[in-house]
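Structure first, then comments.
Convention: sequence-line order gives letters A, B, ...; per-chain numbering from 1.
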Number of protein chains: 2
Amino acid sequence: MTEQDNGRAKRGQRRGARGPTVADVARLAQVSPMTVSRVVNNDPKVHDTTRAKVEKAIAELGYVPNLAARSLAGGRQCRIGLLHSNPSAAYLSEFLVGSTEQANAMGAQLLVEHFEEEASRDALAAKLLSHRVDAVLLPPPLSDDVLLLECINRAGMAMAQVATGAPSPLAHAVTIDDEAAAYALTTRLVGLGHKRIGFIGGAPNQTASALRRNGYRRALDVAGIDADRRLETTGDFTFRSGMDCALALLALEERPSAIFASNDDMAAATIAAAHRMGLDVPRQLSVCGFDDTASATNVWPELTTARQPVADMAREAVRLLVDSVFDAKARTPRHVRVDFSLVLRESDASMRAS
Amino acid sequence: MTEQDNGRAKRGQRRGARGPTVADVARLAQVSPMTVSRVVNNDPKVHDTTRAKVEKAIAELGYVPNLAARSLAGGRQCRIGLLHSNPSAAYLSEFLVGSTEQANAMGAQLLVEHFEEEASRDALAAKLLSHRVDAVLLPPPLSDDVLLLECINRAGMAMAQVATGAPSPLAHAVTIDDEAAAYALTTRLVGLGHKRIGFIGGAPNQTASALRRNGYRRALDVAGIDADRRLETTGDFTFRSGMDCALALLALEERPSAIFASNDDMAAATIAAAHRMGLDVPRQLSVCGFDDTASATNVWPELTTARQPVADMAREAVRLLVDSVFDAKARTPRHVRVDFSLVLRESDASMRAS
DNA sequence: CTGAAAGCGCTTACAG
DNA sequence: CTGAAAGCGCTTACAG
């Protein structure tokens, strides 16, 4: 040992231990770093004996791969831009939880960006590109913005539309069967004896709105109830619009005995409107919502509604995007449909002696 | 050129262009990569002329630093664990938006983890550690979980408590002045002529609850109104608890003419309770909330409330954490207090001929 | 099925 | 104020 080797750090040398690396694991398992990498990445070609040795060493050292090194070496980095403009905080919250979770699990980076209707779509695409975004996640209502889809597609980024009623050939899509869910809920109201069932539609620029309306109409049709167009109103998914529609419906000469609102916020508003007019829910008016967000249980009585698994849908969409970024074969747009369910609470009841 | 240099890729060579690198910028600007790095990282020692040249080259090439390479080389990686158990989706949504935004801006990775009261704190700390989490972000009510704070502290991770009433010496804290906000709101009600003002407190295990109660009491005291303990109730920040408390208050012999609820969900429930009893809000009952989350505008009438800038508070907390991970000097716990504001809407009114 | 070499894009630690 | 060298921890592209 010369004096120079000693005492002070060598040139170019770095400080600080930062946990075990592939090299440490390789040494302990008596294999090459390459083999450790294979085990970590589930390469099926590794021999079982070797794999066991490596896994033992990994457990012993508490090895966790360094994501930064992995994405640098792999040349693969996946940045997903999550664009939101959704006025419903309850929806967005669930969506964010699901998507961040999945993005972390898959080693992707999530950039959350607010997008205003009035903003320029081209400027947005340019911004995403400058942030090196590979793929874009679109919750409603942006999942239905055709101009935006085209713009992002031109910029060469992959896309996933969540909860759209009109999956684009340019994008992945994750949806529930909105028509069937609305049909099921309306049929339930019919089953409870309701014949005059009011409808509050969602924003016309969201394609799912039309599907829900179709489901409502079909249920009435199947039940042999004559459609009365005066019972159909159109809101925009906000509480305020729900209030307006509900007041209009309740002011009708022949007042409906039940109202199906196309989301929970508007259903909550319907209950508020009923109370405002001195009507008891559900005794004098049954109300159903849609989505089963937090709003469904932040009213009294709590809402009977169709549950849309928002967090799961966000996870699935992230999975589709990450796969298409990392694997060219997964680039073909896929449409995944997940199950909805009916959640029965206290806002609806059967038509007895009214 | 030999035949071998040509035609096929050299050994060890990687594929695909992935955007300009420091080397590209350096070449164009005719400086070393090192200088480019300095400019990008705002090193003040770079000469202005040099800096200008480099910045021009950066703009020309549209250079964006590769975060993976940066954190690998820098040896600095910052992973922040966001632990949540908040039942309020409206609050969580804002919190998530703010924290993800800031984490991205600072090149930190955010891991979002749900934590149940019943779960083991030690197991949680172990899990965070195994995910290489450097710092933990705690929104309420976890920001008040002293056992959790101790546990995370023992594991050596930095922490930030958001919206706590009791900043720990072990953690950073970002708060508003809850006492002052509650005082301001109650004083407003007094100014409107109310003398019997009901109070719905938040969960007793959240320290901010006591502060809000103190503010309420002090306002009455300053106004010279005798405190009547029957007007004080305790909820747990959920809609349901707000409903129970409001019904109890409205069943009082001498009914209050105003109710101040410690968050918006409970205030919304108070309005529902009033309607349920046939009382007009605000004509027969004034109601105030706290937080100004989405719930404040998802009721009719919309709530007068104290605005807590949740997203900004989350951003500030992330900033404190990232700084303490990267800079030993920033490790000393800091307490940042941000401003609240009063948002006046339609749920309160002056006491006229009742 | 396994390994040796080179490289991903940046920054640290020096030395001028 | 600026630069040459080495290294961060992993994976790609080969070659056995």
pair B:Leu82-B:Pro139: side-chain heavy atoms closer than 4.5 Å: yes

When you measure from the side chain of A:Tyr63, which nucleotide among D:dC10, C:dG9, C:dC10 comes out closest? D:dC10

Rounded interatomic separation in angstrom, taking CG from B:Leu72 and C1' from C:dG9: 9 Å

For A:Val338 versus A:Pro309, what's the shortest heavy-atom pair and its separation? CG2-CG, 3.8 Å

Residues of residues 45-58 of chain A with a heavy atom under 4.0 Å from any atom of DNA chain C, listed by number, are A:Lys45, A:Val46, A:His47, A:Thr50

Does B:Leu148 reach the side chain of B:Ile152, with side-chain heavy atoms less than 4.5 Å apart? yes

Which ranges of DNA chain C pair up as stems, where a stem means three or more consecutive Watson-Crick or G-U pairs with both distances under 3.5 Å? C:1-3 with D:14-16, C:5-12 with D:5-12, C:14-16 with D:1-3

Please identify each residue that fulfils side chain to side chain donor-acceptor pair (under 3.5 Å) with A:Arg331, with sequence neighbours left out. none

For the pair made of CG in B:Asp24 and C1' in C:dC8, what is the distance, rounded to whole Å? 13 Å

Taking CG from B:Asn41 and P from D:dT2, how many angstroms apart are they, rounded to a whole number? 15 Å

note: A:Asn66, atom CG; D:dG7, atom P; distance rounded to Å ~ 18 Å

Tell me, please, which residues at least two apart from B:His114 pass ring pair (Phe, Tyr, Trp, His ring centres under 6.0 Å). B:His84

Just the rounded figure in Å: distance from P of D:dG3 to CD of B:Gln30. 11 Å

Answer whether the closest heavy-atom distance between the side chains of A:Ile80 and A:Leu111 falls below 4.5 Å. no

Rounded to the nearest angstrom, tell me the gap between atom CG in A:Asp43 and atom P in C:dT2. 10 Å

Let me know the distance between CZ of A:Arg27 and P of D:dG9, rounded to the nearest Å. 11 Å

Check whether more than 12 heavy atoms from other residues, nucleotides or ligands sit under 6.0 Å from atom NZ of B:Lys53, and answer yes or no. yes

Could you state the interatomic distance from OG (A:Ser143) to CE (A:Met159), rounded to the nearest 0.5 Å? 11.5 Å

Here's a test for you: under side-chain contact (heavy atoms from CB on, under 4.5 Å), which of A:Asp134, A:Leu321, A:Leu128 qualifies with A:Met157? A:Leu128

Student check: side-chain heavy atoms of A:Pro140 and A:Thr164 closer than 4.5 Å: no

Could you list all the ring-ring contact (aromatic ring centres under 6.0 Å, His included) pairs where at least one residue sits in residues 39-67 of chain B, not counting sequence neighbours? none

Short of 4.0 Å, heavy atom to strand atom, which residues of residues 31-40 of chain A count as contacting DNA chain C? A:Val31, A:Ser32, A:Met34, A:Thr35, A:Arg38

Here the distance between atom C1' of C:dC8 and atom CZ of B:Arg70, to the nearest Å, is 16 Å

